[in-house]
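Below is one structure, written out as structure tokens; comments come after it.
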Number of protein chains: 2
Amino acid sequence: MSRRVSESTIRRLSYYLRALEALEGSGAATVSSEELAERGGTTAAQVRKDLSQFGSFGKRGLGYAVKELECTLRRILGLHVRWRVALVGAGRIGSALFEYPNFAQRGFDCVAVLDADPAKVGSRWGPILIRPVSELERTVRELEADLVILAVPPEAAQDLAERAVGAGARGILNFAAVQLRVPRGIPVKDVNLVFEMEALSFAITQADSHA
Amino acid sequence: MSRRVSESTIRRLSYYLRALEALEGSGAATVSSEELAERGGTTAAQVRKDLSQFGSFGKRGLGYAVKELECTLRRILGLHVRWRVALVGAGRIGSALFEYPNFAQRGFDCVAVLDADPAKVGSRWGPILIRPVSELERTVRELEADLVILAVPPEAAQDLAERAVGAGARGILNFAAVQLRVPRGIPVKDVNLVFEMEALSFAITQADSHA
DNA sequence: GCTCACTTGTGAAAAGCTTCACAATATTAG
DNA sequence: CTAATATTGTGAAGCTTTTCACAAGTGAGC
């Protein structure tokens with residue numbers, strides 16, 4: 001029950017959680033692996049295998065209790081606690097993130113915003129005062145930020161990542177198009193729109209050349 | 001040379017391309033699989049395997065010619081042509097995307113913006129007039145959009161995806177937290193910040209419980 | 001020309017992930 | 001109570017991806 005769990009499994013757990021939330025809204029009390037699979041874009045066997053890595057949550061013949069499984073998944077994903085997030089980079093992406101309502105709803109509280117641009121430093125986003133990036137370490141330490149979001153140019157990302165981790169950050173969401181090197185044990189997730197667009201471009205081009 | 005190429009390989013090709021661009025800027029003429037691996041966050045063997053799926057681009061003993069490989073990768077990824085993109089959803093995310101300068105730089109031209117909010121319809125973003133989503137089909141058809149970006153609420157996404165594909169869209173970048181069902185052969189890429197944050201949350205929680 | 005150091009391309013082995021198939025178990029109906 | 005039906009949990013099989021290891025090719029120095 002405590003082997004290494006694959007990235008793909010985790011990603012699917014997030015989908016299952018969204019599906020369960022929707023099901024709860026629609027009043028369903030139980031759900032089968034088959035229905036979860038349909039909503040999560042996978043197969044029933046996969047759903048059962050995924051869940052079985054963490055325990056045995058269903059009832060044979062019946063399926064899974066929606067509310068209970070939802071709760072279990074939240075706990076597995078570590079969403080039963082709130083996470084403190086420091087956002088580095090108050091540009092377009094940073095601002096979109098900051099205003100994204102689902103963010104706080106899902107347990108992620110933005111406790112600080114930092115930027116390198118002196119013109120932005122000192123202004124306010126709602127209750128939050130924008131700080132200079134030079135105060136990154138102090139901010140992470142004093143506000144006990146768990147997670148750091150880097151929405152900064154690629155050339156700045158590696159340095160900021162190292163400093164954030166040095167000051168106690170435990171995970172990084174990276175919007176910069178570089179592969180960050182961080183100490184073992186610090187998870188990094190990359191989000192990169194250009195990469196996704198390039199993957200679409202490849203898939204379409206490929207399809208054409210085979211037609 | 002024309003087997004199915006894995007998602008992971010494509011994702012890494014994008015990293016290699018970024019690395020090559022950086023190398024070209026710094027004046028290097030050739031690069032070894034080892035150096036590409038370091039910059040792309042993988043291993044030398046993986047780099048060689050990835051590239052070998054498309055041909056034989058290196059010189060033994062020497063490595064790869066930076067400029068040439070860059071060009072080859074662009075062609076493999078289908079980036080030698082420009083892509084026409086329609087953006088559906090003129091909210092925070094849509095606006096951040098629209099203003100993202102790298103987007104156009106990398107060959108993706110935003111040819112239309114649509115929104116469901118009558119208050120936004122008719123206003124301008126630079127040269128682009130915001131259209132009502134009711135005109136999605138007409139817009140995709142007349143402006144010959146290849147790719148559609150859905151930056152809309154989850155409940156609207158499935159319907160819009162179907163309509164976009166019906167009107168000729170060939171690929172979808174989906175920001176909504178639902179699994180879209182589309183006809184076979186239409187690639188869909190999902191971008192979801194909450195999923196990435198949840199993966200971080202899981203990784204950290206997991207690490208804790210094993211400490 | 002010969003040797004040396006270097007680096008690719010690739011078959012084979014290893015590791016990892018997904019699908020299959022079925023015993024086990026739960027509920028409902030008669 | 002028995003039969004019929006539904007659905008889970010899981011070992012084993014099948015498939016995919018990654019890593020390994022090395023023959024083959026390349027240029028530089030002498």
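Lettering follows sequence order; numbering is per chain, from 1.
Near DNA chain D, meaning a heavy atom under 4.0 Å away, the residues from residues 12-19 of chain B are B/Arg12. Listed by residue number, the members of residues 38-51 of chain B with any heavy atom below 4.0 angstrom from DNA chain C are B/Arg48, B/Lys49.
A salt bridge does not link B/Glu34 with B/Arg48: none of the charged nitrogens is closer than 4.0 Å to a carboxylate oxygen. Between A/Asp109 and A/Arg84 no salt bridge is recorded (no basic side-chain N to carboxylate O distance below 4.0 Å). For B/Glu70 and B/Arg18, the salt-bridge test fails: no basic side-chain N is under 4.0 Å from an acidic carboxylate O. For the pair A/Glu135 and A/Arg141, the salt-bridge criterion is not met [side-chain N within less than 4.0 Å of a carboxylate O]. Comment: A/Lys189 engages A/Glu7 in a salt bridge, judged by a side-chain N to carboxylate O separation of less than 4.0 angstrom.
A straight line from CZ of A/Arg60 to P of C/dT28 spans 18 Å, rounded to a whole angstrom. For A/Tyr64 and C/dA26, the OH to C1' distance is 14 Å, given to the nearest whole Å.
When each of B/Leu62 and A/Leu62 is assigned the nucleotide of DNA chain C bearing its nearest heavy atom, the one mapping closer to the 5' terminus is B/Leu62. Sequence order on DNA chain C of the closest nucleotides to B/Phe57 and A/Glu7 puts B/Phe57 first from the 5' end.
With a cutoff of under 4.0 Å to any heavy atom of chain A, the contacted region of DNA chain D is bounded 5' to 3' by D/dA6 to D/dA12.
As judged by a 4.0 angstrom heavy-atom cut-off over every strand, B/Thr9 is placed among residues making no nucleic acid contact.
A heavy-atom distance below 4.5 Å is found between the side chains of A/Glu198 and B/Leu17.
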Give me, pair by pair, the N or O atoms of the protein and of nucleotides 3-5 of chain C that are less than 3.5 Å apart, along with how far apart they are.
none

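The list of salt bridge (charged side-chain N to carboxylate O under 4.0 Å, His left out) pairs with a residue in residues 163-175 of chain B, not counting sequence neighbours, reads A/Asp208-B/Arg170, B/Glu137-B/Arg163, B/Asp159-B/Arg163.
With sequence neighbours left out, A/Asp190 forms a side chain to side chain donor-acceptor pair (under 3.5 Å) with A/Asn174, B/Tyr15.
Taking the six-membered ring for Trp and thresholds of 30 and 60 degrees, A/Phe108 and A/Phe103 have ring planes inclined between 30 and 60 degrees apart. Classification of the A/Phe202-B/Phe54 ring pair by plane angle, with boundaries at 30° and 60°, yields perpendicular.
Judged by distance alone, the side chain of B/Thr9 and the main-chain N or O of B/Val5 form no donor-acceptor pair under 3.5 Å.
At most 12 non-hydrogen atoms from other residues, nucleotides or ligands lie less than 6.0 angstrom from CD of B/Glu144.
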Between A/Arg181 and B/Glu38, is a salt bridge (Lys or Arg N to Asp or Glu O under 4.0 Å) present by the stated rule, with each step listed? CA-CA 10 Å; A/Arg181 266 158 307 175; B/Glu38 174 130 354; 3.3 Å; yes
